[in-house]
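To start, the structure under review is shown below, and the notes come after it.
Residues: numbered from 1 along the sequence shown. No experiment lies behind these values; they were computed from the predicted model shown.
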Amino acid sequence: MANPIVSRTELAVGGKTMTVQGVVQKTSFLLGLSAIAALGFFFFIIRGGISGGMAQMITFGSMFAAFGLALFITFRPQKAKALAAPYAILEGLFLGGVSIMFMGIDPSIPANALAATFVTAAVMLGLYRSGMIKVNEKFRSIMMSAIFAIMLIYIVQWGFVLFGSTLPFLFQTGGLVAIGFSLFVVVVASFSLLLDFDNIERGVAAGVSEEYEWIFGIGILATLVWMYFEFMRLLSHFQD
C-alpha cells in the first residue's frame, strides 16, 4: 500500500533534488520489472512447471515478503534504491500467481482488472492535475484512516485464514456485504493514488534528495498492485 510507505518515511533534503521526471522513470522501471516477473511466473505455472500447491506457496510467500520489505523500507528509506528491484520482483510473483487463481473463477477477470486499473489511474491523474480534487489535510487524514482500517481488517482476515476460516460477510464470495466492502476498498485504493501524486509534488517542492525517488516509485507500484488485486476481487464477486 503506497501511502503509508511514503507518509511514514523520513526523507532527507539536500544534494541533487528529486524531480517528477525522475520519479516517472523509476516507477516505469519498477512496473516493467514487476510485469516481467508476473508474466514469467504466470506462464511457468500455465505450462505445468510447478505444482498448484507450490505455486500458491510462492504467491502468498511473495505477498508477505513484499509487505515485510515495504515495512523495512519505510523505516530505512536509505535502502530503497537497493531494495526497489527485489520488491518489484516479489510483487510480480504475487501478481502472476494470484492472477492464475482468479482465472479459475473466470478467465476474463485478470484482463478486465488490468484494464480497470490503468483506466482508473489515468482518471485519477487527470482529476489531480485539473485540480478538481484537492488533497488537503482533511482529505489526507480521512484517506489514511481508511487505509489503516482496511489494513487492520486484512490482517484479521489473514489470521482467520490460518485457521481455515474467513471473516463473516466481508469475504464471502457474492454476498451483498462483501460486494459493498470490495467496492469501498476499490474506491479507497483508487483515491490513494491522489495521495501518491501529492506526496511527489511535496517532495519536489521540499527539495528532497534524488535518491528518494525510489521511495515514490515503490509507493506508486504498491498502490497499483493493490488496485489490481481489489479489482479482481470485485469482479470475482459478480461471477458467483
Spatial distance of atom CE (Met124) from atom CD1 (Ile133) [nearest 0.5 Å]:
5.5 Å
Drop me the distance from Met227's CE to Ser192's OG, to the nearest 0.5 angstrom.
7.5 Å
Flag side-chain contact, heavy atom, 4.5 Å: Met232 against Asn112:
no
List the atom of Gly219, the atom of Asp196, and the distance in Å for their closest heavy-atom pair.
O-OD2, 4.0 Å
Would you say the side chain of Thr17 lies within less than 4.5 Å of the side chain of Val204, judging by non-hydrogen atoms?
no
Between Phe72 and Lys79, is there a side-chain heavy-atom distance shorter than 4.5 Å?
yes
How many angstroms lie between CG in Leu224 and OG in Ser190, if you round to the nearest 0.5 Å?
10.0 Å
Test Ser34 against Val225 for side-chain contact (heavy atoms from CB on, under 4.5 Å), laying out the working first.
CA-CA 10 Å; Ser34 281; Val225 169; 5.6 Å; no
All heavy atoms of Ala146 vs all of Phe184, minimum pair found to be CB-CZ, 4.3 Å
So, Ser209 side chain and Tyr212 main chain: donor-acceptor pair closer than 3.5 Å or not?
no
Measure across Ala189 and Trp226 and return the closest heavy-atom pair with its distance rounded to 0.1 Å.
CA-CZ3, 3.4 Å
Between the CD atom in Glu201 and the CG atom in Asn199, the distance rounded to the nearest 0.5 Å is 10.5 Å
Flag the pair Ile153 / Val185 as yes when at least one side-chain heavy-atom distance between them is below 4.5 Å, and no otherwise.
no
Report whether Leu127 and Val119 are members of the same hydrophobic cluster (ILVMFWY, side-chain heavy atoms less than 4.5 Å apart, transitive linking).
yes
Are Phe148 and Phe139 co-members of a hydrophobic cluster defined by side-chain heavy atoms under 4.5 Å apart?
yes
What distance do Thr117 atom OG1 and Glu230 atom CD have between them, rounded to the nearest 0.5 Å?
10.0 Å
Using the test salt bridge (Lys or Arg N to Asp or Glu O under 4.0 Å), find all partners of Arg76 that sit at least two apart in sequence or belong to another chain.
none
List the steps, then state whether side-chain contact (heavy atoms from CB on, under 4.5 Å) holds for Met143 with Val188.
CA-CA 7 Å; Met143 285 297 301; Val188 172; 4.0 Å; yes
Of the non-hydrogen atoms in Ile73 and Ile218, which two are nearest, and what is the gap between them?
CD1-CD1, 3.7 Å
For residues Leu152 and Phe181: do they belong to one hydrophobic cluster (side chain heavy atoms under 4.5 Å, members Ile, Leu, Val, Met, Phe, Trp, Tyr)?
no
Do the side chains of Val135 and Ile142 join up, straight or via other hydrophobic residues, at under 4.5 Å, putting them in one cluster?
no
Would you list the atom pairs, donor with acceptor, under 3.5 Å between side chains in residues 99-109 and any protein atom, with sequence neighbours excluded?
residue, atom, partner, partner atom, Å
Ser99, OG, Leu95, O, 2.6
Ser99, OG, Tyr228, OH, 2.7
Asp106, OD1, Ser108, N, 2.8
Asp106, OD1, Ser108, OG, 2.6

Asp198 side chain near Arg202 side chain, heavy-atom distance below 4.5 Å
yes
Would you say the side chain of Phe67 lies within less than 4.5 Å of the side chain of Met151, judging by non-hydrogen atoms?
yes
Verify side-chain contact (heavy atoms from CB on, under 4.5 Å) between Ile200 and Met18, making sure each step is shown before the conclusion.
CA-CA 9 Å; Ile200 293 169; Met18 63 173 282; 4.2 Å; yes
Between Ser62 and Leu93, which heavy-atom pair has the shortest distance, and what is it?
OG-CB, 3.4 Å
State, yes or no, whether a side-chain contact exists between Thr27 and Leu221 at a heavy-atom distance under 4.5 Å.
no
Quick check against the 3.5 Å criterion: does Ser182 have a side-chain atom that pairs as donor or acceptor with the backbone of Ala178?
no
Parallel, tilted or perpendicular for Trp214 and Phe29, by the 30°/60° rule?
perpendicular
With sequence neighbours excluded, give me every salt bridge (charged side-chain N to carboxylate O under 4.0 Å, His left out) pair touching residues 23-47.
Lys26-Glu213
Return the NZ to OG distance between Lys138 and Ser141, rounded to the nearest 0.5 Å.
9.5 Å
Trace of the side-chain contact (heavy atoms from CB on, under 4.5 Å) decision for Tyr87 with Leu30
CA-CA 9 Å; Tyr87 176 81; Leu30 295 177; over 6 Å; no
Are Phe41 and Ile46 connected in the hydrophobic side-chain network, where two residues link if heavy atoms are under 4.5 Å apart?
yes
Residue pair Ile179 / His237: nearest heavy atoms and the distance that separates them
CG1-CB, 3.6 Å
